[in-house]
Each structure stands twice: as C-alpha cells, then as structure tokens.
Q: 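One structure, as structure tokens, below. Some questions next.
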Amino acid sequence: MEKITGGEALMLSLIEENVDVIFGYPGGTIMPVYDKLYYYTHRLRHILARHEQGAVHAAQGYARVSGKTGVVFATSGPGATNLTTGIADALVDSTPLVCIVGQVGAPFLGTDAFQETDFIGISMPITKWSYQITSADEVAQAIAKAFYIAGSGRPGPVVLDFTKNAQVGSCDFSYQKCTFIRSYVPSPQVKMEEVAAAANAINSAKKPFALVGHGVELANAGKELLALLEKADIPFGWTLMGKSVVPDGHPLNMGMLGMHGCYAPNKKTNECDVLIAVGMRFDDRITSSVDAYARQAKIVHLEIDRAEINKNVKADFPVLANLKDSLPLLTQAVGKAEHASWISSFRPYAEHERAKVVNPQLHPAAGAITMGEAVSSVSSRAEGKAILVTDVGQQQMVAARYFEVNQPRSVVTSGGLGTMGFGLPAAVGAKVAAPDREVVLFVGDGGIQMTIQELGTIMQDEIGVKIVLLNNGFLGMVRQWQELFFGKRYVATPMANPDFVKLAAAYNIRGRRVSEREELAAAVEEMFAHKSAYLLEIAVQPEGNVFPMIPAGASLEEIRFE
C-alpha cells in the first residue's frame, strides 16, 4: 500500500463521508491540508469565507438545510478562536459540524509558539467532542468518529485540532465508517412502558396541546408528528426553531410560542390539561417564569437527550428516544379523538391579537413602512416555497411571525445563542445546500454589519441569496427594551449607517432602497425577478416594536400588546 500524508488522508476521509462542500479560510498551520485540497477540487468544493466566523455560520446554514454535517477548515490561533461563536451556536441549536483546525507541530505544543492556542481546552465546553490529532495514522479513525458523533443522536459540533506534523507525516490509508463507540448511546431504545403511560395521558385529555421543537426536524419526523396530531386532534404551537416542521397553513397550527409568540398558544399553555412537548427543551424564552408555567397540566415530554428531561420543567410522562422511533409507537397507542370545542377556543385569542397587533402591522393607515408589512410583502411573493434565513433581533421575530413556509428544513436562524451576524453567512450556506430554491434573508442594519464582509463570498462564488435589510437606524431589539423597561434612555442603540446599496454595488450585487409604501411591491418583484444576489433595503419605522411580548421573567399571563 502506497503511503500518503495526513493531509491527503483527510481529503480521502471526507470523500468517504460523502462531503461535497467545505467552508473555510486558510492560514499557516493548515497549509499542508489546503495543499492537498488542490488535487481534490473536482470532488470537494471549497467556499472561501471572508472571516472564520462567516465560514462556521455558513456551514451551519448548509447543515440545517441539507440535513448533512457541515465541514469547516481554519488555521490555528486566531483562525480557530474566530470559530468559537459559531461552534457555541451550533451546540445550543444542535447543528452537526466537523471543524478541522490547524495546530502547531506536536514538538511545539505548550511553548507559546506563533499562533498557538489551546483550542482543545477552549472548545471542549462548546462541543460534543474535541480531539487533537498528533499523528497521520490517526486521521482516518478521528474523522470517522467525528462524523459519527456530530451527526448521531442529538447532533452537534465536533472539533479536530490537527497538528502540522500530522498533516505532513505519512501513513497507510484505509477507511472504515464509525457506527459504535463504547459508552456513547446516541439514540436510547424506546421503552414501551413510557409510550403506554404517555398514550394514556393523551387519551384522557380533554384539552391537549402540543409544543413542537427543532428536534422533530432533526429526527426527520415531521410526517410522524403530523400523524399523531391529526389522529388525536391535538392543536399545537411551535418554538422559533420548530418553524417549518409542519406547514404554516395546517389547521391545527396555532402559531409561534414564547416571548414574541402568538397570544393563543401562549395563553392556552396555561389552560390545557395535557401538554405534549416534542423535541424541545423548555427554553426560558418559551416558559418565561417556570414557577407560573403550565402548573395545571400533566407534562408529556418526548426527547432524545436525557439531560433535557426534567432540566427546566418536570415531566410527568417522559419518553426518552429518537422521535423517529417513539412517535409512530405513540401514534399507534393513542385513540382517535376529536377536540373541536377546545380547538375553537383558541380563536378569540387569535382574533384579539389580529385586531391589536397583526392588522396594524400588515395594514397600517399611514406613516413609515412597518416591519410586518415588509416581511408580508416578501412572503406573499415567495408563496411559501422559499427558505427563510434570519439574523437576530426584531426582524427575526417579525419574520418568524409573518413569513410563510410550507416545506421542511426551510428555516435557518440562531435560536439558543441569539448570534447577531449569523444571518448573512448562514444564508450563503443555505443557498449552497439548495441552489434551486430561493433563499431569503431578513437582517437588520446592526446584524448585517457584524459579518458584512461575507458579501465578498457571495460575489466570488456567485451565490444568489436575496437579502432583505430592514433598516430602522437602531439596534432595534435593544432599543425596544430601552423604551419599555429603561425609560426610553437610548444609549448606544442609534446607528449611523453607510449607504448599503452602494456598498452592495461595490461587490457587484444589485440593490435598491425603498422608503415609500407605494414602491414596496415593485421593489420586491424586482428582487425576485433578478436571478443573482440582490439587496433590498427597506426603511422601516425607526421606533417600531415587536408585539405581543412577554417580559423576561414574567408569566405567560403577563403578555403585552403595547
């Protein structure tokens, strides 16, 4: 067998794992890897980000849309540390990544050599697994293990710290995919007694309500979930990360849960008698005050990660297993039911919200364009077929509320970490994953400037994302909190912004700015008609707010409409 270098073993290992795209940024200690990549560009496409944070967020967007594990290359030291925000984001939002970072040669470890950091120590708390490769002989086995850990069970990020001597050293290459690691049980076996107990609770319910989370999408169990909900006639709400699991127009879909969620599902959480949590972790943005959360209800919790059971909300009937396995068994065990009067009781709350919030947002009488009508105008043109990507802030919440999606894996956003700057590079990855679908990014004037250099990536790789910039001249969500809870003391939130359309033009990206309502529809049509990347800047209300809102730490009953 002919010996090859560790760098080439990496390329062959990635091909064995069916990798087709790598997002990265080269540097000194990863150069031997990039040198071998030169010979495999016919099989491995490399997307050159303009910053390592852009690379990792792009890999997240790619993973979320494709269902595959995203791959990132970076060099040591600052290259590696620039990945940490995206790695932490991926851990909280259960996004599978394999991040391969260069490292100084093994003889120099611990000497404070140029661009040396202890990236294993840095990354260990924010990964499923971190490992340092110090010999070329380890490469194939480390890659196999990394992909198995990243993509199995509850997915997440893995870091491989690849010393330079291991990249240039020689080894015999053979590859065997990893399917088992002792003491690692990614998908617990379903316990039928847990399924039976949960089914009995659901069968006895007069007012059942389901909470749908991102775990359903990760398990590719949307159809299995719908079978349960439709058989037992259970209305449901969804977390921010659970949007797109079930089509927005489904009759049992009552809307988004949480701090900026819809009135009806938040209110009914504290009225139901059985609460069925499916692939969600009872995040504080969903529960607000746990002491006042669903105290009247029996809790059924379907979850793959044992650590999430009873962590925030006590489950009366936990079902610990992969949803792909547990949902069909639960559906088989529950009886066919009808809850028409319970479902109809959601309607008055929805009508109240429509009168107080939705109609003023979507059909304002006068004044500046609202965020809601901007999102709705784009959504109407997209017809439920586009992939929605958001940054973090007001535009994120408004997009989640008013942008319609009807296909799975169609929402990419930063949920648990709330990473501003996520949106633009994540949209790049989403479009790479689904080149035949429209990818629409909603971003604010603050968030876009955190990773605006990725316009260069869009230009170089001709990535046709549609960028909708909602510009209110503020760090909008922070300003909203300052208005509501800090006496309108607007400190460090007003923003002096560049001419975004001219800036886009510098990257050969067509753009247009709209400030008048009469121009909006034509501008949206122009954006979709343009086949390449496009930046549509919409000047929206400077002090527009996102309602409803449940103040942090308040109960679900303390929801505000103004």
Side-chain angles (χ1 to χ4, degrees), residues 13-14 16-19 59-60 62-72 87-100 120 123-131 140-160 175-195 198 212-225 241-242 245 277-283 301-312 315 318-330 408-409 415-416:
S13 297
L14 294 176
E16 289 284 349
E17 291 291 342
N18 297 314
V19 172
Q60 288 177 271
Y62 174 85
R64 295 267 287 276
V65 171
S66 69
K68 300 174 68 176
T69 296
V71 178
V72 184
I87 293 171
D89 191 290
L91 183 71
V92 179
D93 285 349
S94 304
T95 305
L97 297 179
V98 172
C99 300
I100 299 161
I120 294 296
S123 64
M124 195 171 292
I126 54 172
T127 56
K128 284 187 75 176
W129 184 54
S130 293
Y131 181 75
Q141 185 178 6
I143 289 292
K145 190 174 179 180
F147 274 85
Y148 177 59
I149 293 173
S152 61
R154 181 179 180 177
V158 167
V159 160
L160 295 178
Y175 197 83
Q176 183 175 351
K177 287 195 176 187
C178 181
T179 58
F180 172 79
I181 298 172
R182 189 177 63 179
S183 79
Y184 173 57
V185 183
S187 295
Q189 188 173 357
V190 183
K191 295 181 179 178
M192 291 308 300
E193 60 269 26
E194 292 182 348
V195 172
V212 176
H214 185 44
V216 181
E217 187 166 78
L218 293 171
N220 296 312
K223 291 180 180 178
E224 289 80 359
L225 172 69
M241 298 292 291
V245 168
V278 190
M280 56 87 70
R281 57 190 178 85
F282 289 109
D283 175 76
H301 193 178
L302 283 76
E303 174 61 48
I304 196 171
D305 186 353
R306 187 182 302 274
E308 296 297 346
I309 301 291
N310 298 325
K311 185 176 81 174
N312 296 324
V319 181
L320 183 66
N322 190 316
L323 295 175
K324 196 76 170 177
D325 301 326
S326 61
L327 279 170
L329 294 171
L330 183 59
R409 293 195 176 275

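Not measured: the values here are computed from a predicted model. Along the sequence shown, residues carry numbers from 1.
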Q: For Val245 versus Gly213, what's the shortest heavy-atom pair and its separation?
A: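 Closest heavy-atom pair between Val245 and Gly213: CG2-O, 3.9 Å.
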
Q: Looking at Lys324 and Glu224, is there a salt bridge between them, counting it only when a charged N and a carboxylate O are closer than 4.0 Å?
A: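 Judged by the 4.0 Å cut-off on N to carboxylate O distance, Glu224 and Lys324 do form a salt bridge.
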
Q: Does a sphere of radius 6.0 Å around CD in Glu193 hold more than 12 heavy atoms from other residues, nucleotides or ligands, not counting ones at 6.0 Å or beyond?
A: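 Correct, the count exceeds 12.
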
Q: Hey, are Glu217 and Arg64 close enough for a salt bridge, meaning a charged N less than 4.0 Å from a carboxylate O?
A: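 Judged by the 4.0 Å cut-off on N to carboxylate O distance, Glu217 and Arg64 do not form a salt bridge.
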
Q: Taking side chain as C-beta onward, heavy atoms only, is Val212 less than 4.5 Å from Met280?
A: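 Sidechains of Met280 and Val212: no contact.
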
Q: Counting only heavy atoms not in Lys311, do more than 12 sit closer than 6.0 Å to its NZ atom?
A: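 Yes, because the 6.0 Å sphere around NZ of Lys311 holds more than 12 heavy atoms from other groups.
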
Q: Nearest 0.5 Å, please: how far is CG in Leu14 from OG1 in Thr69?
A: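 If we round to the nearest 0.5 Å, Thr69:OG1 and Leu14:CG are 11.0 Å apart.
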
Q: Just how far is it from atom CD1 of Ile87 to atom OG of Ser130, taken to the nearest 0.5 Å?
A: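 Nearest 0.5 Å value for the CD1-OG distance: 7.5 Å.
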
Q: Mind listing the closest non-hydrogen atom pair of Asn18 and Lys68 along with its distance?
A: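 Here Asn18 and Lys68 meet closest at O-NZ, 2.9 Å.
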
Q: Looking at Leu320, is its backbone amide N or carbonyl O close enough to the side chain of Glu194 to form a donor-acceptor pair, meaning the two atoms are under 3.5 Å apart?
A: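 Indeed, once roles are kept as given, a pair shorter than 3.5 Å links the two residues.
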
Q: With a 4.5 Å heavy-atom cut-off, do Val158 and Cys99 have their side chains touching?
A: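 Val158 does not reach Cys99 side chain to side chain.
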
Q: When rounded to the nearest 0.5 angstrom, what is the spacing between NZ in Lys177 and CD in Glu17?
A: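 Going from NZ on Lys177 over to CD on Glu17, the span is 4.5 Å.
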
Q: Would you please test Asp283 and Met241 for side-chain contact (heavy atoms from CB on, under 4.5 Å) and show each step?
A: CA-CA 11 Å; Asp283 175 76; Met241 298 292 291; over 6 Å; no

Q: Are any non-hydrogen side-chain atoms of Phe282 and His301 less than 4.5 angstrom apart?
A: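 In contact.
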
Q: Restricting to non-hydrogen atoms, name the atom on Ala150 and the atom on Pro96 that form the minimum distance, rounded to 0.1 Å.
A: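 Smallest heavy-atom distance, with atoms named: O-CB, 3.3 Å.
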
Q: Evaluate whether atom CD of Gln141 has more than 12 neighbouring non-hydrogen atoms of other residues, nucleotides or ligands under 6.0 angstrom away.
A: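 Incorrect, the count does not exceed 12.
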
Q: Does Ile100 form a side-chain contact (heavy atoms from CB on, under 4.5 Å) with Ile143? I'd like the steps, not just the answer.
A: CA-CA 9 Å; Ile100 299 161; Ile143 289 292; 4.0 Å; yes

Q: Is there side-chain contact between Tyr62 and Val71, with heavy atoms separated by less than 4.5 Å?
A: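 Not touching, per the 4.5 Å side-chain cut-off.
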
Q: May I ask you to decide if Arg154's main-chain N or O and Asp305's side chain share a donor-acceptor pair within less than 3.5 Å?
A: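 It does not hold such a pair.
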
Q: Specify the closest pair of heavy atoms between Pro157 and Ile126, including all atoms of both residues, with the distance to one decimal.
A: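 Scanning both residues, the minimum pair turns out to be CG-O, 3.5 Å.
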
Q: So, do Val98 and Val72 sit near enough that their side-chain heavy atoms are less than 4.5 Å apart?
A: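 No - every pair of side-chain heavy atoms lies 4.5 Å or more apart.
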
Q: Can you name the nearest heavy-atom pair linking Ala90 to Leu97, along with the distance?
A: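 For Ala90 versus Leu97, the nearest heavy atoms are CB-CD1, 3.6 Å.
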
Q: How many angstroms lie between atom CG of Asn322 and atom CD1 of Ile304, to the nearest 0.5 angstrom?
A: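 Here the interatomic distance stands at 4.0 Å.
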
Q: Show me the side-chain donor-acceptor pairs of residues 180-190 shorter than 3.5 Å, one per line, residues at least two apart or across chains.
A:
residue: Tyr184; atom: OH; partner: Lys128; partner atom: NZ; Å: 2.9
residue: Tyr184; atom: OH; partner: Ser152; partner atom: O; Å: 3.4
residue: Tyr184; atom: OH; partner: Ser152; partner atom: OG; Å: 2.8

Q: Would you mind reporting whether Val319 and Glu303 have side-chain heavy atoms less than 4.5 Å apart?
A: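 Of all side-chain heavy-atom pairs linking Val319 with Glu303, none is under 4.5 Å.
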
Q: How many angstroms lie between atom CE of Met192 and atom CG of Leu330, to the nearest 0.5 angstrom?
A: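 So the gap between those two atoms works out to 9.5 Å.
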
Q: Nearest 0.5 Å please: distance from the CG atom of Leu302 over to the CG atom of Leu327.
A: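 It is 5.5 Å, given to the nearest 0.5 Å.
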
Q: Would a 4.5 Å heavy-atom cut-off, applied to side chains only, mark Leu160 and Trp129 as touching?
A: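 Yes, at least one pair of side-chain atoms sits under 4.5 Å.
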
Q: Looking at every heavy atom in both Ile309 and Pro318, which two are closest together, and how far apart are they?
A: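 So the two residues come closest at CG2-CB, 3.8 Å.
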
Q: Do Leu91 and Thr127 have side-chain heavy atoms sitting under 4.5 Å apart?
A: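 Leu91 vs Thr127: side chains apart.
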
Q: With a 3.5 Å distance limit and no angle check, can you tell me whether Tyr131 reaches the backbone of Lys145 through a side-chain donor-acceptor pair?
A: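 Checking the backbone N and O of Lys145 against the side chain of Tyr131, no donor-acceptor pair under 3.5 Å is found.
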
